[in-house]
Peer 1: 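Got a structure for you, written out below as structure tokens; questions coming shortly.
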Amino acid sequence: MTHAVPVPHSFYRLASPHYFYEQSGRLLPWLAAVTLVLFLTGLVWGLAFAPADYQQGNGFRIMYVHVPAAVFSMSVYVAMAVAGGIGLIWRLKVAAMVARSCAPIGAAFTFLALVTGSLWGKPMWGAWWVWDARLTSELILLFLYLGYMALQEAIEERDTADRASAVLALVGLINIPIIHYSVEWWYTLHQGATILKLGRPSIAPAMLWPLLVMLAAYGLLALLVVLLRTRNEVLERKLNI
Amino acid sequence: MGGYAFYVWTAYCLTVAVLGGAVLLPLLRYRRLRREAARRERREQRQTEVRNR
Amino acid sequence: MKLNPVRRKRLTLALIIVVGVGVAVGLTLYALKQNINLFYSPSQIVAGEAPLQRSIRVGGLVVPGSVQREPNSLGVVFTLTDTAQQIQVRYTGILPDLFREGQGIIAHGRLVAGGVVQADEVLAKHDENYMPPEVADSLKQAGVWRQFKQQP
């Protein structure tokens with residue numbers, strides 16, 4: 001492969017690991033503070049102040065930790081694949097570092113989505129686990145994350161590892177629309193979309209607000225963890241570790 | 001919690017534990033890396049001092 | 001291409017991972033297809049399309065007023081409908097919390113003679129609507145409940 005594809009102008013500055021390190025260092029304290037406040041607000045609001053559901057009673061409160069985990073397990077994967085792809089095409093070191101940094105937090109979200117979903121499914125559906133399309137495709141997402149991390153570990157040479165795992169991440173992108181549309185394409189126990197559907201969201205505003213707060217908190221937390229990890233990658237490269 | 005206490009609390013506690021760990025791990029790694037960087041800097045400084053003496 | 005042993009080992013590991021993920025996806029899709037084949041509606045069962053004494057899944061709505069609990073045991077009998085046809089389901093065990101009349105459920109079990117399904121697992125499906133009980137009551141009173149709750 002050669003540098004046949006020109007690097008877009010806007011990438012120049014952020015592409016420098018040093019510049020990235022400086023800028024992210026300035027952003028970090030603010031990001032951490034806002035994330036913590038949103039997270040605590042959402043947790044308390046969802047646990048104590050949101051009204052109970054007409055059918056599921058207090059059991060529906062698991063939604064506030066389950067839905068954001070599931071949403072960002074997919075968003076982080078897309079970010080990882082896109083960053084990996086940018087690293088692959090334009091040979092940007094920072095992009096490859098970001099891609100590598102996405103995998104652990106994405107895997108953590110996927111794991112949490114599966115386990116909290118299981119804890120929600122047991123009392124409501126009557127089963128911890130069913131092999132239906134939504135649950136199975138989310139489990140495959142976890143395997144994709146684990147496979148990505150294993151591949152990164154397995155190949156000693158950094159650039160080769162980044163390239164191989166970027167290809168795996170891009171191929172695995174096919175799973176994302178499958179997860180999202182699984183509840184429409186197959187007959188599953190899992191409910192359909194509540195917020196992301198045409199027309200009004202079918203959730204009362206008093207229950208929707210804490211969910212939106214939690215979604216924001218999870219998104220910022222993902223950003224925080226990816227920044228922390230990417231900064232570590234920059235340091236490691238400088239120290240030749 | 002109307003009989004759902006176990007499920008709800010387990011889900012919330014597990015979430016806090018896993019996400020707390022996800023933030024804590026890179027922070028600990030960062031501290032170790034900064035220490036290593038400081039150690040190398042000190043060593044280099046000593047070497048220049050010895051050379052200048 | 002010359003590869004030293006360490007590299008070859010790593011490459012093999014990487015290949016195993018990629019192939020493993022691929023096989024997992026393939027097997028899952030295959031399993032899902034099987035699952036869907038084993039899924040029958042009450043109409044299909046009445047029409048005789050479901051095999052006898054084989055493990056199947058039936059889905060439908062619990063007919064209001066049809067749930068009969070046996071005294072002194074966990075046995076329960078109820079009628080399941082897809083709004084066109086009805087079948088009977090027998091089950092012994094603890095029902096999920098969302099099991100109630102008018103609710104969508106899925107039963108795993110066998111079709112026994114006489115068009116009755118003997119279930120060994122009953123799962124409840126819930127919809128994507130969330131609201132406090134008071135809102136649900138006022139929607140019912142205002143008569144817009146049916147139109148709001150479109151899906152079974």
Side-chain angles (χ1 to χ4, degrees), chain A residues 50-57 59-60 63 121-127 130-133 136-137 139-140 143-144 146-148 150-151 153-157 160-161 164-165 167-168 171-172 174-175 178 182-183 186-195 197 201-204 206-208 211, chain C residues 6-7 9-25 27-29 31-36 39 41 57 59 91 93-100 103-108 121-137 139-140 148-151:
Chain A
D53 183 53
Y54 75 113
Q55 275 205 314
Q56 304 189 32
F60 98 103
M63 168 200 275
K122 180 59 188 167
M124 296 306 162
W125 299 342
V130 284
W131 288 102
D132 81 358
T136 311
S137 51
L139 184 66
I140 289 175
F143 289 150
L144 278 172
L146 296 180
Y148 179 95
L151 199 57
E153 285 298 310
I155 304 175
E156 184 81 350
E157 222 261 302
T160 318
S165 48
V167 171
L168 175 65
V171 171
I174 185 72
N175 192 34
I178 294 181
S182 54
V183 287
W186 289 282
Y187 189 93
T188 83
L189 268 189
H190 199 283
Q191 64 161 87
T194 292
I195 306 176
K197 68 176 196 184
S202 40
I203 175 169
M207 299 157 126
L208 179 61
L211 183 59
Chain C
V6 181
R7 280 219 158 171
K9 213 176 97 189
R10 291 210 176 101
L11 198 66
T12 317
L13 183 62
L15 275 177
I16 288 171
I17 292 165
V18 174
V19 171
V21 170
V23 170
V25 173
L27 279 178
T28 320
L29 292 178
L32 283 175
K33 219 175 130 213
Q34 292 285 306
N35 247 343
I36 290 156
F39 184 86
S41 68
R57 310 202 304 164
Y91 175 66
I94 294 163
L95 290 163
D97 291 6
L98 279 184
F99 180 92
R100 52 197 73 167
Q103 182 76 38
I105 65 121
I106 294 174
H108 292 232
E121 190 176 27
V122 172
L123 302 173
K125 184 174 163 70
H126 67 84
D127 58 28
E128 71 275 27
N129 301 313
Y130 293 89
M131 64 190 103
E134 313 87 73
V135 177
D137 288 343
L139 277 180
K140 278 177 194 155
F148 185 79
K149 269 184 75 115
Q150 297 151 338
Q151 71 155 99

Peer 1: List in chain and number order the residues that pass side-chain contact (heavy atoms from CB on, under 4.5 Å) with A:Val167, two or more places apart in sequence or in another chain; answer none if no residue qualifies.
Peer 2: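 By the side-chain contact (heavy atoms from CB on, under 4.5 Å) rule, A:Val167 matches A:Leu88, A:Val171.
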Peer 1: Which heavy-atom pair separates C:Arg100 from A:Gln55 by the least distance, and what is that distance?
Peer 2: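 Where C:Arg100 meets A:Gln55 most closely, the heavy atoms are NH2-O, 3.3 Å.
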Peer 1: Could you report the tightest heavy-atom contact between C:Asn129 and A:Ser202, atom names first, then the distance?
Peer 2: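 So the two residues come closest at OD1-CB, 2.9 Å.
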Peer 1: Using non-hydrogen atoms and a 4.5 Å limit, figure out which bit of A:Met124 sits close to chain C: side chain, backbone, both or neither.
Peer 2: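 The answer is both parts of A:Met124.
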Peer 1: Not counting sequence neighbours, which residues clear side-chain hydrogen bond (donor to acceptor under 3.5 Å, both in side chains) with C:Asp97? List them please.
Peer 2: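 Partners of C:Asp97 by the side-chain hydrogen bond (donor to acceptor under 3.5 Å, both in side chains) criterion, ordered by chain and then number, come out as B:Tyr4.
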Peer 1: Which one wins on heavy-atom pair count under 4.5 Å against chain C: A:Pro123, A:Gly172, A:Gly147, A:Pro51?
Peer 2: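 The residue among A:Pro123, A:Gly172, A:Gly147, A:Pro51 with the greatest pair count is A:Pro123.
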Peer 1: Mind listing the closest non-hydrogen atom pair of A:Asp53 and C:Tyr130 along with its distance?
Peer 2: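 So the minimum-distance heavy-atom pair works out to OD1-CA, 3.5 Å.
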Peer 1: Above 12 or not: heavy atoms from other molecules or residues under 6.0 Å from CZ of A:Phe143?
Peer 2: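 Atom CZ in A:Phe143 is not crowded, with 12 or fewer foreign heavy atoms closer than 6.0 Å.
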Peer 1: Rounded to the nearest 0.5 Å, how far apart are CD1 of A:Ile203 and CE of C:Met131?
Peer 2: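 One gets 10.0 Å once the value is rounded to the nearest 0.5 Å.
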Peer 1: Side chain, backbone, both or neither: which part of A:Ala164 has a heavy atom under 4.5 Å from chain C?
Peer 2: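 When you check distances to chain C, no heavy atom of A:Ala164 falls under 4.5 Å.
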Peer 1: Distance from C:Ile106 atom CD1 to A:Trp125 atom CH2, nearest 0.5 Å?
Peer 2: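 One finds 9.5 Å between CD1 of C:Ile106 and CH2 of A:Trp125.
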